[in-house]
Amino acid sequence: YNEDITKSIGAILTDKAYHFLIFFFLVIASSLFLLFFVNLSFTLKIILEIILVVVLSLVFILFGVYFKRRKINVRWVGDKLYNLKSIKKYFKKKEDFKNHLEEQQEVLIKTFEDSFKSMFFSGILLSVLFWMFICLSSWFLFFSLGVEVGFISVVMVVIISYLVGDLAPI
């Protein structure tokens with residue numbers, strides 16, 4: 001409580017970055033396992049290869065954007081948002097609002113980078129535990145119904161189903 005909202009958003013983004021990092025790793029591992037060790041139909045293999053290419057492309061694009069250009073130009077957003085009445089009553093000039101957006105962006109980026117670096121191992125560990133408990137809950141559901149299913153199979157199905165569920169609105 002009583003923390004700057006931009007710092008809180010930076011901490012939330014750091015947490016989500018760890019979750020996405022582990023999730024991408026699990027999607028890649030599950031896809032490779034399914035492609036090489038499970039007898040699948042030709043169509044399903046093509047779908048998994050497409051998923052693998054898309055996820056790997058996203059990972060490379062995100063790393064490229066992160067290392068190449070960390071600062072996004074928010075001044076044009078200031079031009080568009082300044083016309084809202086709720087923003088005009090707090091900022092007398094459009095330039096003040098644009099400067100405020102740039103300052104908040106700097107705080108957000110610094111908080112994200114500091115949190116990401118300082119809590120790397122604990123963040124990765126907590127994200128692994130998060131995904132492990134999600135998979136364990138599905139495995140325990142099968143176990144409670146008396147159906148014996150391998151844990152690796154449950155992990156692959158849960159991870160791929162989360163991926164499909166995340167992509168479904170698109």
Side-chain angles (χ1 to χ4, degrees), residues 3 5-74 76-77 104-170:
E3 282 289 325
I5 240 170
T6 308
K7 288 184 179 181
S8 299
I9 291 172
I12 291 169
L13 285 177
T14 303
D15 179 54
K16 291 300 173 188
Y18 288 129
H19 285 302
F20 280 127
L21 189 68
I22 297 301
F23 180 67
F24 282 145
F25 172 76
L26 289 172
V27 166
I28 291 168
S30 295
S31 298
L32 288 173
F33 186 84
L34 286 171
L35 281 172
F36 293 121
F37 298 112
V38 177
N39 190 12
L40 299 172
S41 68
F42 179 74
T43 307
L44 197 52
K45 280 190 177 189
I46 295 296
I47 291 172
L48 281 174
E49 288 171 357
I50 291 171
I51 288 173
L52 195 59
V53 167
V54 168
V55 168
L56 285 174
S57 299
L58 277 174
V59 168
F60 286 125
I61 288 170
L62 289 175
F63 275 117
V65 167
Y66 177 73
F67 287 115
K68 184 176 181 183
R69 183 178 157 174
R70 294 184 181 155
K71 191 172 179 181
I72 300 169
N73 186 6
V74 292
W76 68 272
V77 174
Q104 293 303 313
Q105 180 186 20
E106 288 295 324
V107 170
L108 180 71
I109 289 171
K110 181 155 179 39
T111 303
F112 176 79
E113 288 177 346
D114 290 347
S115 299
F116 196 83
K117 290 175 185 173
S118 67
M119 299 175 16
F120 185 76
F121 291 111
S122 61
I124 293 293
L125 177 67
L126 289 174
S127 293
V128 167
L129 287 174
F130 172 80
W131 284 107
M132 186 180 77
F133 283 128
I134 285 177
C135 295
L136 275 173
S137 66
S138 298
W139 185 71
F140 282 134
L141 181 65
F142 282 110
F143 187 71
S144 69
L145 295 172
V147 179
E148 290 189 29
V149 179
F151 183 67
I152 300 295
S153 301
V154 172
V155 168
M156 287 184 297
V157 169
V158 167
I159 295 301
I160 298 297
S161 65
Y162 266 87
L163 178 69
V164 170
D166 289 342
L167 296 177
I170 295 174

* Once you round to the nearest 0.5 Å, how far does CE of Met132 lie from CG of Leu26? -> 11.5 Å

* Asked: How are the rings of Trp131 and Tyr162 set to each other: parallel, tilted or perpendicular (split at 30° and 60°)?
  -> perpendicular

* **Inter-residue atom distance Ser30.OG - Phe23.CZ, 0.5 Å rounding** => 9.0 Å

* Are the side chain of Ser31 and the backbone N or O of Ile28 linked by a donor-acceptor pair below 3.5 Å? -> no

* Parallel, tilted or perpendicular: which describes the rings of Trp139 and Phe143, with under 30° parallel and over 60° perpendicular? -> parallel

* Asked: Got Phe142 and Val154 here, is their nearest side-chain heavy-atom distance under 4.5 Å?
  -> yes

* **Polar side-chain atom of Ser161 near backbone of Val158 as donor-acceptor pair, under 3.5 Å** => yes

* Asked: In terms of heavy-atom contacts, does CZ of Phe130 have more than 12 from other residues, nucleotides or ligands at under 6.0 Å?
  -> yes

* What's the spacing between Phe151 CZ and Leu136 CG if we round to 0.5 Å? -> 4.0 Å

* Asked: Do the side chains of Leu52 and Leu48 get nearer than 4.5 Å, heavy atoms only?
  -> no

* **Under 3.5 Å: donor-acceptor pair, side chain of Ser137, backbone of Ile134** => yes

* Val149 side chain near Val157 side chain, heavy-atom distance below 4.5 Å -> no

* Interatomic spacing from CG in Asp15 to CG in Leu126 - rounded to 0.5 Å -> 8.0 Å

* Reported NZ-to-CG distance for the pair Lys45 and Asn39, which is rounded to 0.5 angstrom -> 6.5 Å

* Asked: Which value, rounded to the nearest 0.5 Å, describes the distance between Lys16 atom NZ and Leu21 atom CG?
  -> 14.0 Å

